[in-house]
**Student:** 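This is the structure I have questions about; it appears just below.
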Amino acid sequence: MSQLSYARYGKDNIRLYKREIDEKAGTQSVVEMTVCTLLEGDIETSYTKADNSVVVATDTQKQTVYILAKQNPVTPPELFASIVGSHFVETYPHIHAAHVKIIQHRWTRMTIDGKPHPHSFFRDSEEVRVVESVAREGEGISIHSKIEKLLVLKSTGSAFHGFHRDEYTQLGETWDRILSTEVEAGWRWKLFKSLAEVKAVIPKFDQAWEAAREITLKTFATDESPSVQNTMYKMCEQILAAAPLVEAVDYSLPNKHYFEIDLSWHKGLKNTGKDATVYAPQSNPNGLIQCTVSRKGPTAKL
Ligand SMILES: O=c1[nH]c(=O)c2[nH]c(=O)[nH]c2[nH]1
């Protein structure tokens with residue numbers, strides 16, 4: 001009558017902190033992350049027959065993450081996710097895939113009296129660096145790196161006109177508007193055949209993250225934006241050019257609207273068009289513009 005169609009299980013919200021001590025320099029560095037592990041494999045009987053012998057307990061998964069963090073570098077997060085995923089697939093013959101997600105939080109070193117402080121940090125934004133990986137037995141390790149929660153705004157240099165109009169259209173055209181979004185930008189790496197292949201390109205992960213962030217900010221700031229769609233496409237093209245091991249780039253950008261307020265009812269106050277200075281930020285609804293851009297080839301299609 002019924003059958004288990006898909007199953008995976010693991011530990012979510014594993015909070016992890018690691019410090020690195022540089023005795024010589026007298027400095028410490030810190031990393032804080034939130035990890036999720038989810039295992040797939042021959043685990044059906046744990047659901048259907050209450051057979052817990054096939055269950056690598058979620059607590060075991062959590063302890064494993066702590067132990068591997070002690071024994072290995074936790075940065076870049078692409079490497080640590082690959083180490084954790086490979087461990088589960090290689091250690092347990094009946095586990096065939098391990099999904100590992102890492103959210104790395106920001107701890108930025110303080111500058112005190114003009115000098116980098118040896119052991120004090122502050123949270124300079126809610127922006128996070130995210131890695132979603134799958135280690136699959138016999139196939140390899142797929143990695144999707146992301147920037148999330150990077151909040152940006154430009155007060156001019158954005159337009160939106162020439163869009164389709166019909167009897168449902170109320171929106172006016174604009175040649176000068178506020179553009180604000182919370183950037184979610186991702187880049188999917190070519191499939192790595194093994195952990196050794198990941199280890200062979202370790203510096204590429206930080207380089208790609210830095211390039212993606214720099215390209216996102218620079219393009220957002222300098223593009224005379226005709227639309228969110230076109231500006232995000234320009235970002236994708238540049239990231240693909242900067243990171244040869246990346247197969248596809250994706251963005252998801254909410255359009256955080258700021259509405260003009262007509263104040264002419266009050267003593268003829270001018271606050272629209274070129275006179276607009278006071279706006280009403282909106283929470284919802286918001287536009288949501290998404291795309292994936294990949295290298296041209298036989299598999300590319302919309
Ligand atoms: O850049 C934009 N793209 C849209 O698709 C859209 N739709 C809308 O109402 N405003 C905007 N802005």
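In listed order, ligands and their atoms are each counted from 1.
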**Student:** To which protein heavy atom is atom 8 (C) of ligand 1 closest, and what is the distance rounded to 0.1 Å?
**Tutor:** Phe160 CE2, 3.6 Å
**Student:** Please state which part of His257 comes within less than 4.0 Å of ligand 1, counting heavy atoms only: side chain, backbone, both or neither.
**Tutor:** neither
**Student:** State whether the shortest distance between N or O atoms of Ile289 and N or O atoms of ligand 1 falls below 3.5 angstrom.
**Tutor:** no
**Student:** Measuring from non-hydrogen atoms of Met232 to any atom of ligand 1, is the shortest distance under 4.0 Å?
**Tutor:** no
**Student:** If we ignore hydrogens and angles and just use 3.5 Å, is the side chain of Arg106 paired with the main-chain N or O of Glu127 as donor and acceptor?
**Tutor:** no
**Student:** In plain terms, say whether Lys154 and Asp223 are close enough for a salt bridge, that is, a side-chain N and a carboxylate O under 4.0 Å apart.
**Tutor:** no
**Student:** According to a 4.5 Å side-chain heavy-atom criterion applied to Ile, Leu, Val, Met, Phe, Trp and Tyr, with indirect links allowed, do Val131 and Leu191 form part of one hydrophobic cluster?
**Tutor:** no
**Student:** In Å, rounded to the nearest 0.5 Å, how long is the span from CG of Leu253 to CD1 of Ile289?
**Tutor:** 8.0 Å
**Student:** Any chain of hydrophobic side-chain contacts (each under 4.5 Å) joining Ile147 to Val228?
**Tutor:** yes
**Student:** Evaluate the ring planes of Phe88 and Tyr92, with Trp represented by its six-membered ring, and classify them as parallel (under 30°), tilted (30 to 60°) or perpendicular (over 60°).
**Tutor:** parallel
**Student:** Among all protein heavy atoms in this structure, tell me which lies nearest to atom 12 (N) of ligand 1, with the distance rounded to 0.1 Å.
**Tutor:** Arg177 NH1, 3.0 Å
**Student:** Which ligand 1 atoms does Gln229 reach within 4.0 Å, using its non-hydrogen atoms?
**Tutor:** 1 (O), 2 (C), 3 (N), 4 (C), 5 (O)
**Student:** Which is closest to atom 9 (O) of ligand 1 by heavy-atom distance: Leu253, Thr174, Leu171, Asn255?
**Tutor:** Leu171
**Student:** Salt bridge check, Arg15 against Glu32: does any charged N sit closer than 4.0 Å to a carboxylate O?
**Tutor:** yes
**Student:** Within the structure, does Ser227 bring an N/O atom to less than 3.5 angstrom of an N/O atom in ligand 1?
**Tutor:** no
**Student:** Give the atoms of ligand 1, by number and element, whose distance to some non-hydrogen atom of Val228 is under 4.0 Å.
**Tutor:** 1 (O), 2 (C)
